[in-house]
S.K.: 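Here it is, the structure in full.
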Amino acid sequence: LIGNGSDETTIDGTGTGSVVNISADWCTVRGFTVTGGDYPWPGAGIYVRSDNNTVSDNVCTDNLAGIRIEGEFGRLRNNLVANNNLSNNSGSGNVLVDAEYTTVTNNTCSDSGAGGHGIALYSDCDFNTLSHNHIYGNSQSGILFSEEGNNNMISDNRIENNAVGI
């Protein structure tokens with residue numbers, strides 16, 4: 001799914017659930033502004049539930065979560081989240097749950113609402129790489145690690161003006 005650029009192509013979920021849902025492997029979502037993801041849970045702008053996907057060059061704003069990668073029936077593998085602007089989401093900018101070998105790079109994660117983190121890793125997130133992200137102005141952590149994550153690599157991120165850094 002390739003848009004004409006985030007300045008020209010908007011997908012508006014109008015506040016009902018997640019906006020773009022990826023459940024097949026080997027998909028690309030690039031070049032959109034994605035807005036309006038809200039309850040019911042998880043309310044993501046882009047919700048990834050499969051392996052080997054690329055989510056790049058998007059603006060995700062005014063959602064519950066900007067991008068959420070979540071394994072419902074086991075761990076997800078080898079997803080790439082790159083060059084996205086994740087801002088003004090009421091929850092967290094980028095969330096990984098039960099994900100491994102995922103790369104999150106060159107993203108801006110800013111101004112998440114109450115209880116929101118720039119990037120959050122929950123439940124069995126192992127062997128992920130977070131690099132070259134600019135994470136600022138979030139109401140909670142710039143990067144949050146929680147619940148049994150191991151061997152995650154954090155390098156060359158700029159983390160500033162969050163309630164907590166990492």
S.K.: Would you say the side-chain atoms of N89 pair up with the backbone N or O of G91, donor to acceptor, closer than 3.5 Å?
M.R.: no
S.K.: To the nearest 0.5 Å, what is the distance between CG (N53) and OG (S23)?
M.R.: 9.5 Å
S.K.: Under 4.5 Å between any side-chain heavy atoms of I135 and N162, yes or no?
M.R.: yes
S.K.: Indicate yes or no: at least one non-hydrogen side-chain atom of F145 is less than 4.5 angstrom from one of I154.
M.R.: yes
S.K.: Going by heavy atoms in the side chains, are D98 and E70 under 4.5 Å from each other?
M.R.: no
S.K.: Provide the closest heavy-atom pair for C60 versus I46 in the form atom of the first, atom of the second, distance.
M.R.: SG-CD1, 3.8 Å
S.K.: Please check: side-chain N/O of N152 versus main-chain N/O of T129, any donor-acceptor pairing under 3.5 Å?
M.R.: no
S.K.: For the residue pair I159 and Y136, establish whether any side-chain heavy-atom pair is separated by less than 4.5 Å.
M.R.: no
S.K.: With clusters defined by side-chain heavy atoms of hydrophobic residues (ILVMFWY) lying less than 4.5 Å apart, directly or transitively, does I11 cluster with L86?
M.R.: yes
S.K.: Side chains of W41 and R68: closer than 4.5 Å at any heavy-atom pair?
M.R.: yes
S.K.: Could you check whether the rings of H117 and Y122 sit parallel, tilted or perpendicular, using 30° and 60° as the cut-offs?
M.R.: perpendicular
S.K.: What's the spacing between S90 OG and Y39 OH if we round to 0.5 Å?
M.R.: 7.0 Å
S.K.: Is there side-chain contact between V81 and T105, with heavy atoms separated by less than 4.5 Å?
M.R.: no
S.K.: Any donor and acceptor pair, going by atom type alone, linking the side chain of T33 with main-chain N or O of S6 inside 3.5 Å?
M.R.: yes
S.K.: Counting only heavy atoms not in R77, do more than 12 sit closer than 6.0 Å to its CZ atom?
M.R.: no
S.K.: Is I69 reachable from L80 through a run of I, L, V, M, F, W or Y residues, each pair having side-chain heavy atoms under 4.5 Å apart?
M.R.: no
S.K.: Heavy-atom distance under 4.5 Å between the side chains of V55 and I22, does that happen here?
M.R.: yes
S.K.: Check for a donor-acceptor pair, side chain of N88 on one end and backbone N or O of D62 on the other, with a separation under 3.5 Å.
M.R.: no
S.K.: Out of the candidates D126, L130, L144, only one should pair with L121 under the side chain to side chain contact (heavy atoms under 4.5 Å, CB included) rule; please name it.
M.R.: L130
S.K.: Quick check: do I67 and N84 have side-chain heavy atoms less than 4.5 Å from each other?
M.R.: yes
S.K.: State the CG-CG distance between D38 and L64, to the nearest 0.5 angstrom.
M.R.: 6.0 Å
S.K.: Could you give me the CA-CA distance, side-chain angles and deciding distance for T35 and V19, then say whether side-chain contact (heavy atoms from CB on, under 4.5 Å) is met?
M.R.: CA-CA 7 Å; T35 188; V19 181; over 6 Å; no
S.K.: Got a donor-acceptor contact below 3.5 angstrom from the S139 side chain to the G115 backbone?
M.R.: yes
S.K.: Mark yes or no for whether N138, through its side chain, and G113, through its backbone, hold a donor-acceptor pair below 3.5 Å.
M.R.: no
S.K.: So if you build clusters from Ile, Leu, Val, Met, Phe, Trp, Tyr with side-chain heavy-atom gaps below 4.5 Å, do V95 and I143 land together?
M.R.: no
S.K.: Look up atom CG in N21 and atom SG in C27, then write down how far apart they are to the nearest 0.5 Å.
M.R.: 11.5 Å
S.K.: Assess whether atom CZ of R30 is packed by more than 12 heavy atoms of other residues, nucleotides or ligands within 6.0 Å.
M.R.: no
S.K.: According to a hydrophobic-cluster definition based on side-chain heavy atoms being under 4.5 Å apart (Ile, Leu, Val, Met, Phe, Trp, Tyr only), do L1 and V34 belong together?
M.R.: yes
S.K.: Considering all heavy atoms of both residues, which atom of N107 and which atom of N133 are nearest to each other, and what is their separation?
M.R.: N-OD1, 2.9 Å
S.K.: Side-chain heavy atoms under 4.5 angstrom apart, residues restricted to Ile, Leu, Val, Met, Phe, Trp, Tyr: same cluster for L96 and V20?
M.R.: yes
S.K.: Counting only N and O atoms by type, is there a donor-acceptor contact under 3.5 Å from the side chain of T108 to the main-chain atoms of N85?
M.R.: no
S.K.: Measure from the side-chain N and O atoms of S92 to the backbone N and O of G118, and report whether any donor-acceptor pair falls under 3.5 Å.
M.R.: no
S.K.: Return yes if some donor-acceptor pair links the side-chain N/O of N128 with the main-chain N/O of A99 below 3.5 Å, else return no.
M.R.: yes
S.K.: Any side-chain to backbone donor/acceptor pair from D25 onto D51? Under 3.5 Å, distance only.
M.R.: yes
